[in-house]
Every structure is written in C-alpha cells, then in structure tokens.
Participant: 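Quick one: this structure, given as structure tokens, is what I'll be asking you about.
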Amino acid sequence: MKALVLRENGCLEQSEVDSPQISNGECLIKVEAAGVCSSDIARAFYGGAYRTPLIMGHEIVGTIREMAAGVRDFRVGDRVAVYPILACNNCSYCRDGNFQLCVKYDYFGSRRDGGFAEYLAVPETNLVKIPDNVDFDAAVLVEPAAVALHGVKKLDIQGSAKGLVFGAGPIGNLAGQWLKFAGCGEVDIVDRHASKLKIAEENGLRPVKSETNAVAELLSLSDGGYRYIVEATGSPQLIELALKVVRREGTVLLLGNISGELKLPQALVSSLLRKEIKILGTWNSRIDEWPEVLAAFGGTVRVNNLLSRKVPLSKGAATLAEMKDGKSGKAKDPLLKVILKP
C-alpha cells in the first residue's frame, strides 16, 4: 500500500509499504481522509518523532473493509472515526474510562504507525461510527473538536460570563465554539492572522487582532478580566498574557502544547494567589465524548470553513513543508486544517 513515511527528521516521502494484517478484535480500515495536526509538523521537522521510520497521522476516518474474529458491533462498509489512544486497559485510569490518562498507552501516528496511509488495522474498541449526515471531510475534525470539548468541560462554565481564546487555529476556533455552546455569552478570540480571525468571526466569535502586549486592550474589552480563558497556542508569552487578563476567581485552561520555557515574574505569581486563579491542564479526549462531537457537527458546531485544503497523499510531503513555513511565521495566511486523501 502507499504511505507517507517520515524517514528521518525533515525527510518525508511517499513509499510502498506492507499492508497491515488484522488480528482478533480488529478491523481493517480503508483510510478515506486523515487530518494534519500541528503536532505532526513538530514530529516531521523539529525532532518530535519517537522513532523513524514512522507513518504519522492520528486524525483518521475511513471505511471498514475487513473484520477479524471477535468484532461484534461493526460491519464491513461502516463509516468510522479512529480514536488514536491505544490504552493498556489495566491501570486505574483505564478502568475509569479515562484512557487519555493511561500510564502505558500506545498512540496511532506517534508511537506506532498511523493514518497517512491507504489502510490501517484498528481494534474495534477504538472505532466510533460516523452519522450519515456527517461527511468524511468534516468527520476528520472529530479528534481536534473532541480535544477542545474535553478541555472546555473542565471549566464548568456557570452563567453567561465572557470567554477568551488565544489562537484561532482549528483547536482554538473549536474551543471558542464550545465555550459559547456551554454558556459563555460572548467569546473573544485573539490571533495575529486576519484570515484566521475572519473564519472565527463566521463561527460566532469576536475577533481581536492583537500581539502579545495587549493587556490593556483585553482588560478593557472584558471589563477588567475574563472569567474563562483557553490558551490554545502553547506560546509562553501568551500563557503569561492569559494569566494577566483573567479576572478574580477566573480560570485559565492550558490547551496548547507549550513551545519554549515559561518563566513567571514574582509579581504575577503573587497576583494569581491573591486573585485565587485556577489553572487547569488538559490533554486529548475521552472516547465517549466523540459521539457527542459528531452529533454537534450536524448543526451546533461549524467545521467546514476550517478545512483549508484537501490533497492526495502524493503531495503530502510538500504540503507539510508549506504548513511548517506557516507555523514558523513565514506564510502570510497560514493553512488551517489540511486533509490528506490516500
């Protein structure tokens, strides 16, 4: 089968590789689409891969082509999304259904080969059926949308207080929509790219085109501070900014993978104590949140305008290199969600 293989850091190429074999309880999935995540850019170009060679891709949707013995709840031809965490099913977190906290997990597209390929062998327990009214291209976004929802749920939003999101990429845009869905009366979203903010505005969020020195502006927009803040970029400067513009007894959710070192001034830490700020971390999602997300794609949450480009696997290497330039600031209008079509 064809696959986009990371041979070594910075070297991606389409290659012919062996098709996967399925064993008890597994299904062979024909990959219909696979989304490119910013973490894939880090793996491909910034030494973030656990190993090479590696087939990346953890935002995966497809069709069941074959089933091994032991599969009970699916049929050949079913349209499915792939939950990427392969849990150990033995630790206390797995027993509680918190597979994202598993102490000995495996992961498609990261620790093992993933979806930038024509086929993938997946345990039945990692499959979620896609509703008939959601097409494959939209369904690719179930993974990032579930990551955003999982984080927003931790905020336990009360009333109609204002929300703020840093970063108008797919995760930030989706987090902002979930904030509104959860009850925030108004949600501001900060980004330096006008093209991203335009899409966020289409999705019901209030755009704020600003840089990292925007304390006074954001405090003014929020009447002294935001109750709920989602930091979706991983920028140390923006994390610090979030901590400066959160209101008393407010909450800052750290959703983006941090890039660089974060050092907080003593005065800022003191203010966090006196203001009784809550800082929450979040990672990945629970598989039981995925049907909720897919149901919302039917109307509550807009995703189609987050899709920047659909490209064949043969153009995957060039497209990921282009996305790298966008992430590094070289592109004026960086791509949002790119889908590879094997």
Side-chain angles (χ1 to χ4, degrees), residues 38 141 144-145 147-258 262 268 271-272 275-282 296 300-303 305-306 329 333-334 336-337:
S38 61
L141 281 142
V147 169
L149 175 62
H150 181 72
V152 168
K153 282 183 173 182
K154 294 176 181 293
L155 294 172
D156 190 26
I157 292 171
Q158 306 292 326
S160 58
K162 281 189 175 182
L164 174 66
V165 178
F166 286 99
I171 289 277
N173 194 302
L174 290 160
Q177 293 188 66
W178 289 126
L179 283 171
K180 292 201 72 172
F181 183 65
C184 281
E186 190 170 49
V187 177
D188 292 342
I189 186 163
V190 175
D191 203 281
R192 61 183 176 175
H193 295 289
S195 58
K196 290 183 178 181
L197 291 175
K198 182 176 183 294
I199 292 172
E201 187 172 20
E202 292 173 1
N203 292 343
L205 311 177
R206 186 168 73 165
V208 180
K209 190 176 189 301
S210 192
E211 300 298 334
T212 57
N213 59 350
V215 175
E217 180 184 3
L218 292 172
L219 289 176
S220 174
L221 288 171
S222 60
D223 194 23
Y226 293 87
R227 179 78 175 273
Y228 305 106
I229 299 179
V230 176
E231 204 302 303
T233 72
S235 161
Q237 293 82 7
L238 291 178
I239 293 173
E240 184 173 342
L241 178 56
L243 297 173
K244 290 178 178 177
V245 299
V246 63
R247 60 165 285 180
R248 295 176 185 272
E249 289 192 316
T251 305
V252 175
L253 177 74
L254 302 181
L255 180 59
N257 287 321
I258 190 166
L262 174 64
L268 178 56
S271 75
L272 300 178
K275 290 162 67 176
E276 298 190 2
I277 302 305
K278 293 184 286 292
I279 301 174
L280 302 177
T282 185
T300 304
V301 174
R302 294 188 62 184
V303 295
N305 61 357
L306 300 179
D333 292 317
L336 287 176
K337 183 55 62 181

Participant: Hey, what do you get for CG (Leu179) to CD (Glu186), rounding to the nearest 0.5 Å?
Facilitator: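 Reported value, rounded in 0.5 Å steps: 12.5 Å.
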Participant: Quick one, Leu155 and Tyr228 - any side-chain contact, counting heavy atoms below 4.5 Å?
Facilitator: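 They are in side-chain contact.
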Participant: If we ignore angles and hydrogens, is there a donor and acceptor under 3.5 Å between the side chains of Gln158 and Asp156?
Facilitator: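 There is such a pair (donor and acceptor under 3.5 Å, judged by atom type) between the side chains of Gln158 and Asp156.
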Participant: Mind checking whether His150 and Thr282 have side chains closer than 4.5 Å, heavy atoms only?
Facilitator: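 Answer yes - side chains close enough.
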Participant: Could you grab the distance from atom CG of Leu164 to atom CG of Leu221, nearest 0.5 Å is fine?
Facilitator: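 Answer for the CG-CG pair, Leu164 versus Leu221, is 9.0 Å.
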Participant: Show the numbers, then the answer: is there a side-chain contact (heavy atoms from CB on, under 4.5 Å) between Arg302 and Glu202?
Facilitator: CA-CA 9 Å; Arg302 294 188 62 184; Glu202 292 173 1; 4.1 Å; yes
Participant: On a heavy-atom basis, which atom in Leu197 and which in Pro207 lie closest, and how many Å separate them?
Facilitator: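 What the structure gives for the nearest pair is CB-CB, 3.7 Å.
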Participant: Does some side-chain heavy atom of Pro334 sit less than 4.5 Å from a side-chain heavy atom of His193?
Facilitator: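 They are in contact (side-chain heavy atoms under 4.5 Å apart), so the answer is yes.
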Participant: Compile the donor-acceptor pairs under 3.5 Å between side chains in residues 248-255 and protein atoms, sequence neighbours left out, one pair per line.
Facilitator:
none

Participant: Please determine whether side-chain contact (heavy atoms from CB on, under 4.5 Å) holds for the pair Val245 and Ile229, giving the CA-CA distance in whole Å, both sets of side-chain angles, and the decisive distance to 0.1 Å.
Facilitator: CA-CA 9 Å; Val245 299; Ile229 299 179; 3.9 Å; yes
Participant: Looking only at atom types and distance, does a side-chain atom of Ser220 sit under 3.5 Å from a main-chain N or O of Ala216, one as donor and one as acceptor?
Facilitator: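 Flag not set: sc Ser220 to bb Ala216 has no pair under 3.5 Å.
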Participant: Could you go step by step and tell me if Val303 and Val301 meet the side-chain contact (heavy atoms from CB on, under 4.5 Å) rule?
Facilitator: CA-CA 6 Å; Val303 295; Val301 174; 4.1 Å; yes
Participant: Side chains of Leu174 and Leu306: closer than 4.5 Å at any heavy-atom pair?
Facilitator: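 The answer is yes; the side chains approach within 4.5 Å.
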Participant: Given 3.5 Å as the limit, does a donor-acceptor pair link the side chain of Lys180 with the main chain of Gly204, or not?
Facilitator: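 Confirmed, Lys180 side chain pairs with Gly204 backbone.
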Participant: Where the side chain of Glu231 meets the backbone of Leu238, is there a donor-acceptor pair that is under 3.5 Å apart?
Facilitator: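 Between the backbone of Leu238 and the side chain of Glu231 there is no qualifying donor-acceptor contact (under 3.5 Å).
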Participant: Does Val208 reach the side chain of Glu217, with side-chain heavy atoms less than 4.5 Å apart?
Facilitator: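 Contact flag for Val208/Glu217 side chains = yes.
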Participant: Pick out which of Ile189, Ile239, Val190 makes a side chain to side chain contact (heavy atoms under 4.5 Å, CB included) with Phe166.
Facilitator: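 The side chain to side chain contact (heavy atoms under 4.5 Å, CB included) with Phe166 is passed solely by Val190 among Ile189, Ile239, Val190.
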Participant: Taking all heavy atoms of Asp191 and all of Ala168, pick out the closest pair and write down the distance.
Facilitator: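 Minimum heavy-atom separation between Asp191 and Ala168: OD2-N, 2.8 Å.
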Participant: Quick one: side chain to side chain contact (heavy atoms under 4.5 Å, CB included) partners of Arg247, sequence neighbours excluded?
Facilitator: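 For Arg247, the residues satisfying side chain to side chain contact (heavy atoms under 4.5 Å, CB included) (neighbours in sequence not counted) are Arg227.
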Participant: Lys162 vs Arg206, test: side-chain contact (heavy atoms from CB on, under 4.5 Å). Steps then yes/no.
Facilitator: CA-CA 11 Å; Lys162 281 189 175 182; Arg206 186 168 73 165; 3.8 Å; yes
Participant: Has Lys209 got a side-chain atom pairing as donor or acceptor with Arg192's backbone, closer than 3.5 angstrom?
Facilitator: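 Yes, the answer is positive, given that a donor and an acceptor are paired below the 3.5 Å cut-off.
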Participant: Is any side-chain heavy atom of Leu218 closer than 4.5 Å to one of Leu241?
Facilitator: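 Touching, per the 4.5 Å side-chain cut-off.
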Participant: Write down the atom of Ser235, the atom of Gln237, and the distance for their closest heavy-atom approach.
Facilitator: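 Heavy atoms only, the tightest pair is OG-OE1, 3.0 Å.
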Participant: Are the side chains of Pro236 and Ile258 in contact, using a 4.5 Å heavy-atom criterion?
Facilitator: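 Touching, per the 4.5 Å side-chain cut-off.
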Participant: Would a 4.5 Å heavy-atom cut-off, applied to side chains only, mark Leu272 and Ile279 as touching?
Facilitator: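 Leu272 vs Ile279: side chains touch.
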Participant: Do you know the tightest heavy-atom contact between Ile157 and Ala182?
Facilitator: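 The pair with the smallest heavy-atom distance is CD1-CB, 3.7 Å.
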Participant: To check you understand the geometry: which heavy-atom pair defines the closest contact between Leu268 and Lys244, and what is its length?
Facilitator: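 Closest approach of Leu268 to Lys244, heavy atoms only: CD1-CG, 3.9 Å.
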Participant: If every non-hydrogen atom of Val165 is compared with every non-hydrogen atom of Gly172, which pair is closest and at what distance?
Facilitator: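 Looks like CG1-O, 3.5 Å.
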Participant: Please confirm whether the backbone N or O of Ala145 pairs with a side-chain atom of Trp178, one donor and one acceptor, at under 3.5 Å?
Facilitator: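 Pair found, side chain donor or acceptor close to backbone of Ala145.
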Participant: Within a radius of less than 6.0 Å around NZ of Lys275, do more than 12 heavy atoms belonging to other residues, nucleotides or ligands occur?
Facilitator: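 Atom NZ in Lys275 is packed in, count exceeds 12.
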